[in-house]
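Let me begin by presenting the structure, written as structure tokens, before commenting on it.
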Amino acid sequence: MTRVNAEGDEWARGFIPLSPRVLLLHTDQVVASSLRISLRSRGIQAVALTDWSEIEAVVHSFRSTLAFVDASIRNVNFRDSAIRIRKIAHSITLVALTNGPLSQTHCELLREGYDWSIPRPASLQQLLDLIFRQ
């Protein structure tokens with residue numbers, strides 16, 4: 001079974017990825033699309049979302065190895081979301097893109113189930129460092 005998302009990306013269920021598969025969940029469609037294009041130009045498979053409601057289906061079918069989640073998304077409980085994502089993809093690396101003071105926010109997000117946090121705006125190099133650190 002092949003799925004196609006809003007950007008026209010195709011992925012097959014059961015496909016075992018050879019390159020990192022990154023999910024970008026960001027409030028700004030322009031930023032999400034720009035990051036997706038930049039990552040793809042470096043051989044990384046990436047899907048960008050701006051709507052939290054799609055994340056579980058995409059995590060399950062796209063088989064993401066890493067997810068960047070914008071911590072400024074409104075009406076999202078990050079602890080519950082981390083638990084829901086990890087039920088689908090146990091070994092996924094969760095990275096929060098934060099606005100707050102890094103040390104305090106980082107500790108809070110680690111307690112809520114995230115593996116890393118980086119301050120916004122994140123540079124492409126910061127994202128690449130985390131992608132290839134896995």
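Partner Tyr114 forms a side chain to side chain contact (heavy atoms under 4.5 Å, CB included) with one of Thr98, Leu94, Val95 and no other, that one being Leu94.
Atom CD1 of residue Ile85 and atom CG of residue Leu25 lie 7.5 Å apart, to the nearest 0.5 angstrom. Residue Gln29 holds its CD atom at 9.5 Å from OG of Ser34, rounded to the nearest 0.5 Å. Thr65 contributes atom OG1, which lies 7.0 Å from atom CD1 of Ile92 (distance to the nearest 0.5 angstrom).
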Step-by-step side-chain contact (heavy atoms from CB on, under 4.5 Å) determination, Val22 to Leu127: CA-CA 10 Å; Val22 176; Leu127 300 181; over 6 Å; no
Worked verdict on Leu124 versus Arg42 for side-chain contact (heavy atoms from CB on, under 4.5 Å): CA-CA 11 Å; Leu124 180 59; Arg42 286 154 177 83; 3.3 Å; yes
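Counting all heavy atoms, side chain and backbone alike, Ile131 lies closest to Leu66 at CA-CD1, 4.1 Å. Heavy-atom minimum distance, Trp116 versus Arg133: CH2-NH1, 2.8 Å. When every heavy atom of Gln126 is checked against every heavy atom of Ser123, the shortest pair comes out as OE1-N, 2.8 Å. Here the closest heavy-atom approach between residue Leu23 and residue Ser64 is recorded as CB-OG, 3.6 Å. Of all heavy-atom pairs spanning Ala32 and Thr50, the tightest one is CB-CG2, 4.5 Å. Across Arg36 and Ala48, no two heavy atoms sit closer than the pair CD-N, 3.8 Å.
Applying the side chain to side chain contact (heavy atoms under 4.5 Å, CB included) test to Asp70 and every residue at least two apart in sequence or in another chain returns His26, Thr27, Ser72, Ile73, Arg120. With sequence neighbours excluded, the residues satisfying side chain to side chain contact (heavy atoms under 4.5 Å, CB included) with Ile88 are Glu56, Val59, His60.
Looking at heavy atoms from C-beta onward, Leu130 lies in side-chain contact with Phe68 at the 4.5 angstrom threshold. Side-chain contact check for Arg40 versus Ile37: every heavy-atom pair is 4.5 Å or farther apart.
Each salt bridge (Lys or Arg N to Asp or Glu O under 4.0 Å) pair with one or both residues in residues 86-97, not counting sequence neighbours, appears once here: Arg86-Asp115.
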